[in-house]
Undergrad: 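Before anything else, here's the structure in question.
Note that the structure is predicted; figures quoted are calculated from it, not measured. As the structure lists them, so they are numbered: ligands from 1, and atoms in each ligand from 1.
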Amino acid sequence: MEARAPRGTSDILPGEARLWQEIEATVRDVMRVYGYGEIRTPVFEYTELFARGVGETTDIVEKQMYTFEDRGGRSLTLRPEGTAPVVRAFVQHRLHGEGLPQKLWYCQPMFRYERPQAGRARQFHQFGAEAIGSLDPALDVEMIAIPIEVYKRLGIRGFEVLVNSIGCPVCRPAYRERLKAYLAQRIDRLCPTCRARFERNPLRVLDCKEEGCREATAGAPAAWDYLCDECGLHFESVQRVLAVLGIAYRLDGRLVRGLDYYTKTVFEIVTDGLGAQGTLAAGGRYDGLAAELGGGDYPAVGFAGGMERAVLALKAAGREEGKAQGRPDVFVVRLGERAWNEGIALAQRLREHGVAAQIEYAAELGKARSMKAQMKVAGRSGARLAVIAGDDELSRGTVALRRMDDGTQWEVPVERLVDAVKEQLGGGGRLA
Ligand code: HAM
């Protein structure tokens, strides 16, 4: 048997992990400046949470969940998305008592049984934010501004912001009926999936990627023409704040999203640079979810962006993977039996003082590497300095320090080694 990771999952190897770290650090700092606190929820939840929260008729709940029974006979599901778990935590821990809105962010793995392709995986990762307990349209726009800021800082460009409003339980039924009447006249032109959606979830027909369905629904009525006063006012306010912040956007009446909890604003940030999976981030308002989960009336809004897609976009923007191993500051070369062991302690002491120190390891048990072999590895490692520890010098309490760029070499007392190395490296950890 050849050992392989399961279909739809991938290993993130050290070179690519550097890109992930950069994206994560950027997300962390953008969330800091916007005032969000990090939340980490369990990888699995009771299945009921997603069935109720995301919606029984959604693709996610109908066919994409990793659901299993544990040994106690409870039905559990690997988290397919982050919003329902965060709202569950908000309700469970009564976070409303800590002030409203609660502004929370996360960066976590998600699991969906989907057909894998570039930018679509079965285990994938999302960074996202949820602001719970406010109906302010400024927060809807914040959820668009945050991912934009992340992409801008990373140098990812060429994306478009699509915005729609799908109304609320007051006004959506009328729109739904109007849309159904429109679709009923074209039902023969719809794909089998959309014909099935027609009764249960007609809005999703607008979201279908099939050419025939897109043509049949090209002139479909948009929800914004059917909004109640409150939703209409909210939609106008969102657009006003978008204008105030100078965020370019396009209204898209076909944007309906695949999760049932949305109310009012929905949006996506899309790019055509990534092929079929071009949605970098998406989100919207979900004013009824906390109540649906038994938590009372807390209007909320959020977004999530795909980490894998951010990595792809970063690469498309010309960024390369990092080197698998970071460049050490110092390479400790050891000469003689005593030095072979004591050199390990020197490297250790440098590391304790924040200096990246590397040594060459034995290829054979009980045999030291030759000076020449060690110097070769030291040269290839990119280290700026070599510490050369020999038995004779150690017995005098000194080691040699060598600049790798020009070969200058001098002796320093062992107890001054850390200071001497730091003097050479300067504040930035590199040669001054
Ligand atoms: P979503 O549209 O299902 O929304 O996912 C958000 C983003 O996650 C997508 O735009 C995409 O970048 C990424 N994504 C989704 N599925 C996959 C996959 N199979 N492989 C790779 N990336 C994927 C949500 O999940 C909502 N919880 C967003 C939200 C938060 N709404 C309000 N708050």
Undergrad: Taking the side chain as everything from C-beta on, heavy atoms only, tell me whether R79 gets closer than 4.5 Å to P109.
TA: yes
Undergrad: Is K264 salt-bridged to E230, going by a charged N under 4.0 Å from an acidic O?
TA: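 Here K264 pairs with E230 in a salt bridge, since their nearest N and O are under 4.0 Å apart.
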Undergrad: Any N or O on A304 sitting closer than 3.5 Å to an N or O of ligand 1?
TA: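 Among all N and O atoms of A304, none is under 3.5 Å from an N or O of ligand 1.
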Undergrad: With a 4.0 Å cut-off, would you call K180 and E199 a salt bridge?
TA: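 A salt bridge is present here (some side-chain N lies under 4.0 Å from a carboxylate O).
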Undergrad: Are D29 and R32 ion-paired here, with the side-chain N under 4.0 Å from a carboxylate O?
TA: yes
Undergrad: Pick whichever of Q64, Q126, M307 has a heavy atom sitting closest to atom 5 (O) of ligand 1.
TA: Q126
Undergrad: Out of F124, F127, Y262, who is nearest to atom 16 (N) of ligand 1 when you count heavy atoms only?
TA: F124
Undergrad: Heavy atoms only, cut-off 4.0 Å: how does Y261 contact ligand 1, side chain, backbone, both, or neither?
TA: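 The answer is the side chain of Y261.
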Undergrad: Counting only heavy atoms, which portion of F303 has something under 4.0 Å from ligand 1: side chain, backbone, both, or neither?
TA: backbone
Undergrad: Checking a contact table here: which protein heavy atom is nearest atom 30 (C) of ligand 1, and how many Å away?
TA: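 Closest protein heavy atom to atom 30 (C) of ligand 1: T83 OG1, 2.9 Å.
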Undergrad: Any donor-acceptor pair under 3.5 Å linking the side-chain atoms of W20 with those of E24?
TA: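 There is no such pair (donor and acceptor under 3.5 Å, judged by atom type) between the side chains of E24 and W20.
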Undergrad: Salt bridge or not between R257 and E268? Use side-chain N to carboxylate O under 4.0 Å.
TA: yes
Undergrad: Between T217 and R254, is there a side-chain donor-acceptor contact under 3.5 Å, judged purely by atom types and distance?
TA: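 Result is yes, a qualifying pair exists.
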Undergrad: So, is L280 polar-close to ligand 1, with some N/O to N/O distance under 3.5 Å?
TA: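 Yes; at least one N/O pair falls below 3.5 Å.
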Undergrad: Just by distance, with hydrogens left out, do H96 and Q102 show a side-chain donor and acceptor under 3.5 Å apart?
TA: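 No, no side-chain donor-acceptor pair sits under 3.5 Å.
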Undergrad: Relative to the heavy atoms of E114, which atoms of ligand 1 are at a distance of less than 4.0 Å?
TA: 16 (N), 18 (C), 19 (N)
Undergrad: Can you tell me if G284 contacts ligand 1 (heavy atom of the residue under 4.0 Å from the ligand)?
TA: yes
Undergrad: Please check whether A121 reaches ligand 1 - meaning an N/O of the residue sits under 3.5 Å from an N/O of the ligand, judged on distance alone.
TA: yes
Undergrad: Could you tell me if any non-hydrogen atom of R120 lies under 4.0 Å from any atom of ligand 1?
TA: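 Judged by the 4.0 Å heavy-atom criterion, R120 does count as contacting ligand 1.
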Undergrad: Among all protein non-hydrogen atoms, which one is nearest to atom 27 (N) of ligand 1, and what is the separation to 0.1 Å?
TA: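 In this structure, atom 27 (N) of ligand 1 has E81 OE1, 2.6 Å as its nearest protein heavy atom.
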Undergrad: R257 versus ligand 1: do any nitrogen or oxygen atoms come within less than 3.5 Å of each other?
TA: yes
Undergrad: Would you mind checking which non-hydrogen protein atom is closest to atom 11 (C) of ligand 1, with the distance to 0.1 Å?
TA: R309 NH1, 3.4 Å
Undergrad: With sequence neighbours excluded, what pairs up with Y36 under the side chain to side chain contact (heavy atoms under 4.5 Å, CB included) test?
TA: M31, Y34, K103, W105, A129, A131, L139, E142, M143, I146
Undergrad: Output yes when K315 and E321 qualify as a salt bridge under the 4.0 Å nitrogen-oxygen rule, no when they do not.
TA: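 Counted as a salt bridge, because a side-chain N and a carboxylate O are separated by less than 4.0 Å.
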Undergrad: Between Q277 and Q117, do the side chains contain an N or O donor and an N or O acceptor separated by less than 3.5 Å?
TA: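 Note: Q277 and Q117 side chains meet the donor-acceptor criterion.
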Undergrad: Heavy atoms only: which of G302, A281, G119 lies closest to atom 21 (C) of ligand 1?
TA: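 Looking at heavy atoms only, the winner is G119.
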Undergrad: Going by the order shown, which atoms of ligand 1 are within less than 4.0 Å of some heavy atom of G306?
TA: 8 (O), 12 (O), 13 (C)
Undergrad: Considering both backbone and side-chain atoms of T279, is one of its nitrogen or oxygen atoms within less than 3.5 Å of a nitrogen or oxygen in ligand 1?
TA: yes
Undergrad: So, is E130 polar-close to ligand 1, with some N/O to N/O distance under 3.5 Å?
TA: yes
